Each structure stands twice: as structure tokens, then as C-alpha cells.
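Here's the structure we're looking at; comments come further down.
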Amino acid sequence: MKKHLILTALTAVSAAFLLSACGSGTGNKTSSGSGGGEKTITLQIGGKEDTEPTSQYMRSKKWATDFNKAHKGKIQVKIASGRDPQDTLTAISAGSTPDIFSNYWNNVPQWASSHAILNLTKYIKKSTVFNKDDFLPYATKMASTPEGVQYAVPSYTESSVLIYNRTMLKEAGYSEPPKTLDELVAMNKKITKTENGKLTQAGFIPDQPWLDNVAWPVATGAQWVNKEGKVTFDTAKMRKAYQIQVDIIKDLGGYKAEQQFVSSIGKIQEASDPVLNGKIAMMLVPDGWLAAYYKYGKKVDWDVAPFPSDSGENMITIGTYCINAKTKNPDAAWTVLEDFTSEKTLKKYFLDGDFNNGSIWARKSLINALATSKKYPAQIRTVAKNLETEKLRGFAITSYTNEYLDEITKEMSDALAGRQSVADAAAKVQKTMETKAK
């Protein structure tokens with residue numbers, strides 16, 4: 001369940017689906033199924049096929065076995081491994097399975113408008129086990145359209161955390177990680193080392209493992225759109241979110257020196273990970289990556305903390321599950337999805353996570369169970385406790401989210417590389433997205 005918020009837009013496929021739906025006259029309506037008899041529902045999970053007993057795939061198979069026994073003669077679930085969203089959209093546009101599938105949150109508004117996924121409002125309203133109040137508030141918002149209509153169920157959730165090498169911080173005279181962005185800048189400068197004009201040790205590298213277009217703006221309190229839905233990218237707070245990164249890169253010796261250093265730091269999430277091997281003191285990573293640090297960091301003094309924030313907020317992203325709008329059995333599909341994402345199921349089958357190191361889900365009850373149980377590693381319990389107390393916010397919910405993220409990445413990558421100023425990049429993003437938002 002890895003996160004990468006920046007995805008290719010899928011515009012052409014979505015448009016094709018919309019034409020198909022309009023041509024058939026079905027829109028967002030689905031048939032009621034084939035009447036009586038046992039119905040088969042295909043559930044495509046987010047994880048790949050895996051024989052590891054604690055993997056999401058094997059845990060889903062175990063749940064399906066138990067579900068099928070309890071619903072024999074009525075519903076049978078078949079588990080399918082995850083695949084690329086574009087492949088999924090192509091399949092369902094052709095009237096194929098899956099009936100239920102894992103999806104990125106930022107696809108939800110566009111796929112809803114293309115009539116690719118089912119409106120879940122009536123099912124949620126009638127459900128006695130869904131319990132909308134148990135979900136993190138922004139998680140349900142991210143599973144909905146800009147108008148607030150829910151088309152998906154939140155599954156896992158991730159925030160960005162600061163993973164750090166405690167030994168490297170101590171050697172530089174620090175007893176704790178930074179809490180503010182100014183502290184992050186200062187600590188990077190003090191920890192960074194060069195030899196013969198080459199960068200040999202970095203305090204922090206802004207665009208590793210990637211350019212994060214959510215965590216930084218959330219930390220400065222920037223907004224992508226206002227309450228009226230108008231684009232608000234070119235603001236002082238948004239520019240600050242990227243200028244801080246440019247300033248850090250300058251303190252590293254410039255973009256070219258940073259990139260040369262990055263080519264030699266080792267592979268993130270492996271035994272040669274730069275935080276574990278002493279190359280980088282601090283790194284912004286999704287909390288879903290902690291399993292790799294448990295595996296490879298047993299002999300290293302490392303820990304996690306909330307990403308520094310001046311706004312008092314931290315970022316959130318989620319995975320979702322959607323129902324194919326063309327499923328022949330929407331009621332049965334909801335019965336499956338309702339059970340699969342329930343508090344009871346998640347606690348029994350999925351909370352323990354890969355290798356029983358715990359996993360983070362969008363339900364408050366699951367986060368609390370993770371935070372309070374000493375059976376899980378201290379670092380993931382710290383993340384869960386922070387999720388219980390932090391103000392969480394994700395990217396804006398719009399019908400053009402993918403295009404917006406792509407445009408930000410294009411322009412701000414040039415800004416971090418020194419090919420244009422942050423001010424010029426922000427102005428370009430503002431102008432482009434104002435046009436797309438009309």
C-alpha cells in the first residue's frame with residue numbers, strides 16, 4: 001500500500017468511459033442483478049498477489065474464505081490482486097470486472113463525473129455498520145466529489161512523517177528533531193558536511209524521495225483553492241512552501257551538488273537507505289514505509305516525528321475502495337464492501353499489517369487500537385498517536401486534481417532546479433489552473 005500522490009491524469013480513458021456510459025443510456029445506474037441465486041463479486045485489492053501470510057493479499061483471502069462461508073448460497077467473493085488504475089478503468093469501461101476495486105482518492109471526482117463508479121450515498125445512509133463518524137473527517141471528504149457526494153470508502157491512510165537518524169542529530173548537538181520549518185532549515189545547515197567541495201552528508205534533502213506537493217503547503221498553511229472553489233496557488237504561504245526548499249538546496253551547495261550527492265546515497269527502503277547508512281539525517285517519507293526501516297534499521301538508532309509545521313497541521317492522504325458503476329449486482333457489492341471495510345473486519349484481519357508490524361487505517365477506532373497496543377513497534381504507535389491529536393488536511397478536492405498536481409510538479413521542479421524562480425513558477429501554475437478550473 002504505497003503512496004504516490006502524483007499520478008498521470010487518465011483524461012482520455014475517462015472521456016471514453018463517459019461516452020460509453022452516455023451511449024448505453026445507463027449513466028450511473030446499474031442493473032439490480034440476475035435475480036435470485038448466489039452472486040459472485042470480484043474484489044480487486046490494492047496489494048499484489050503474495051504468498052507472505054501477513055500480506056494484504058493473503059489477509060484478504062482469509063477474510064474472503066470466512067465471508068463466503070457465512071454467505072454461502074447468497075454471495076461469494078473472489079479476491080483479485082491490484083493493478084494500475086488506468087487498466088482498471090479500461091476494464092470497467094468495457095463492462096468487465098472487478099465489481100469492487102482499490103483506487104487512489106484523487107481519481108474519485110473525475111471517475112464519478114465519468115460515471116465509472118457508483119454513488120454510495122443511499123447505501124451509507126441505510127448502513128448500520130458503516131459508521132461515518134468513525135472515519136477521520138478529511139478522509140471521508142477525500143472519498144467524495146467536490147460537492148460532498150460520497151463515491152468511495154476510505155481504506156488505509158498515510159501522513160508524511162520525518163524519519164531521522166538520532167545519532168546524526170546528537171553528533172550535531174540536537175536532542176530532538178525540528179518542530180518548525182525554520183528549525184528544519186537551521187538543522188540541515190548545521191548537519192550538512194562537505195569535503196573538497198563535494199557534499200558528503202546532508203541534514204535534509206527536499207526532493208527525496210520525491211517532490212512532495214502536499215506536506216509542505218499544509219505545513220505553511222497554504223490553500224490550493226478557496227471556499228468558493230477558485231484557484232489560490234500564487235499566494236505568500238504557497239510560495240513560502242517552495243522557497244524554503246530552494247533555500248535548503250542552496251545550503252547543500254546548489255541543485256547540481258545535491259543531485260550528484262543523491263546519485264551516491266544508496267537505495268531508500270533497503271539496507272543501504274541513506275538515513276540508516278548515515279548519509280542523510282532526516283527525510284520526509286510516508287508512514288507506510290516504516291516496515292522497511294524495521295527490517296533494515298535494527299542496528300541503527302532511528303525514530304519518527306511529525307513533519308515540521310508552522311500551521312499546526314499535517315498532511316493526510318488515503319486509499320479508497322469504489323464499486324464499479326456497471327456491476328450487475330450493486331446491492332451484493334455493497335454488502336461485500338461494507339463488511340470488508342468495517343471496524344470489525346479491519347481489526348480482526350488487517351490491523352496487524354505486513355509482518356505484524358501494524359498498519360494504519362482511516363478509521364479512528366483502528367488508529368486508537370494501534371496507538372494503545374504495545375504489541376506494535378514504538379514508531380508506528382507514535383504515528384498513530386499523532387494522528388489522533390493532529391489537525392489533518394490533504395490536497396484540495398477538485399474535478400481537476402490530477403492535472404493540478406501534474407502542473408505543480410512541472411513548474412516547481414524547475415524552480416527547485418534553479419531554472420526559474422519560485423515566484424515565476426507559482427504565477428504559471430495559477431494562470432494555467434485558473435483556465436482549467438473554468
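For reference, positions follow the sequence shown, starting with 1. All values reported here derive from a predicted model rather than from experimental measurement.
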Query raised in the report: Under the side chain to side chain donor-acceptor pair (under 3.5 Å) test, which residues partner Asn386, sequence neighbours left out?
Result: none
Query raised in the report: Quick one: side chain to side chain contact (heavy atoms under 4.5 Å, CB included) partners of Lys62, sequence neighbours excluded?
Result: Asp66, Tyr349
Query raised in the report: Does Arg239 come within less than 4.0 Å of Asp234, counting only side-chain N to carboxylate O?
Result: yes
Query - pair Lys141-Ile397: side-chain heavy atoms closer than 4.5 Å - result: yes
Requested in this report: Give the ring-plane orientation class for Tyr294 versus Trp302, where under 30° counts as parallel, over 60° as perpendicular and anything between as tilted.
Outcome: tilted
Report task. Please test Lys436 against Val231 for side-chain contact (heavy atoms from CB on, under 4.5 Å), starting from the C-alpha separation and ending with a verdict. Result -> CA-CA 10 Å; Lys436 289 185 180 292; Val231 175; over 6 Å; no
Report task. For side-chain hydrogen bond (donor to acceptor under 3.5 Å, both in side chains), just list the numbers for Ser160 and Asn314, CA-CA rounded to whole Å, side-chain angles, deciding distance to a tenth of an Å, and then say yes or no. Result -> CA-CA 8 Å; Ser160 287; Asn314 202 348; over 6 Å; no
Query - Verdict with reasoning, Leu181 to Trp216, per side-chain contact (heavy atoms from CB on, under 4.5 Å) - result: CA-CA 9 Å; Leu181 295 174; Trp216 291 91; 4.0 Å; yes
Query raised in the report: Around atom NZ of Lys78, are there more than 12 heavy atoms of other residues, nucleotides or ligands at under 6.0 Å?
Result: no
Requested in this report: Flag the pair Ile323 / Thr327 as yes when at least one side-chain heavy-atom distance between them is below 4.5 Å, and no otherwise.
Outcome: yes
Requested in this report: Would you mind reporting whether Leu392 and Leu136 have side-chain heavy atoms less than 4.5 Å apart?
Outcome: yes
Report task. With sequence neighbours excluded, give me every ring pair (Phe, Tyr, Trp, His ring centres under 6.0 Å) pair touching residues 405-438. Result -> none
Report task. For the pair Thr401 (side chain) and Thr398 (backbone), establish whether a donor and an acceptor sit closer than 3.5 Å, ignoring hydrogens and angles. Result -> yes
Query raised in the report: Pairs in or reaching into residues 308-317: which pass salt bridge (charged side-chain N to carboxylate O under 4.0 Å, His left out), with residues at least two apart or in two chains?
Result: Lys240-Asp310, Glu313-Arg393
Query raised in the report: Given the rule in the side-chain hydrogen bond (donor to acceptor under 3.5 Å, both in side chains) test, do Thr435 and Thr432 qualify, once you have shown the distances and angles that lead to the verdict?
Result: CA-CA 5 Å; Thr435 301; Thr432 300; over 6 Å; no
For residues 167-177, dump all side-chain donor-acceptor pairs below 3.5 Å to protein atoms at least two apart in sequence or in another chain.
{"from": "Glu176", "atom 1": "OE1", "to": "Lys179", "atom 2": "NZ", "distance (Å)": "3.2"}
{"from": "Glu176", "atom 1": "OE2", "to": "Lys179", "atom 2": "NZ", "distance (Å)": "3.0"}

Query raised in the report: Would you call Leu387 and Val383 a side-chain contact if the rule is heavy atoms closer than 4.5 Å?
Result: yes
Query - Salt bridge present between Lys431 and Glu434 (N-O < 4.0 angstrom) - result: no
Requested in this report: May I have the step-by-step check of side-chain hydrogen bond (donor to acceptor under 3.5 Å, both in side chains) for Glu388 and Asn368, ending in yes or no?
Outcome: CA-CA 7 Å; Glu388 288 187 302; Asn368 180 259; 2.8 Å; yes
Report task. Please examine the side chains of Ser159 and Phe307, heavy atoms only from C-beta on, and report whether any two atoms are closer than 4.5 Å. Result -> no
**Report entry** Heavy-atom side-chain contact between Phe130 and Leu337 under 4.5 Å
**Finding:** no
Query raised in the report: Any donor and acceptor pair, going by atom type alone, linking the side chain of Thr220 with main-chain N or O of Lys237 inside 3.5 Å?
Result: yes
Query raised in the report: Heavy-atom distance under 4.5 Å between the side chains of Leu276 and Tyr293, does that happen here?
Result: yes
Query raised in the report: Where do Trp111 and Tyr151 land on the ring pair (Phe, Tyr, Trp, His ring centres under 6.0 Å) test, with the steps shown first?
Result: CA-CA 9 Å; Trp111 292 27; Tyr151 276 81; over 10 Å; no
Query raised in the report: So, Glu411 versus Gln420: side-chain donor-acceptor pair below 3.5 Å or not?
Result: yes
Query raised in the report: If you look only at pairs with a residue in residues 360-377, which of them pass as a salt bridge (charged side-chain N to carboxylate O under 4.0 Å, His left out), with sequence neighbours excluded?
Result: Asp134-Arg363, Asp352-Lys375
Report task. Give me the ring orientation class for Tyr404 and Phe395: parallel if the planes are under 30° apart, tilted from 30 to 60°, perpendicular past 60°. Result -> perpendicular
Requested in this report: Could you please spell out the steps behind the side-chain contact (heavy atoms from CB on, under 4.5 Å) verdict for Asp406 and Tyr400?
Outcome: CA-CA 10 Å; Asp406 286 344; Tyr400 48 88; over 6 Å; no
Query raised in the report: Would you say Asn402 and Asn107 make side-chain contact, with heavy atoms under 4.5 Å?
Result: yes
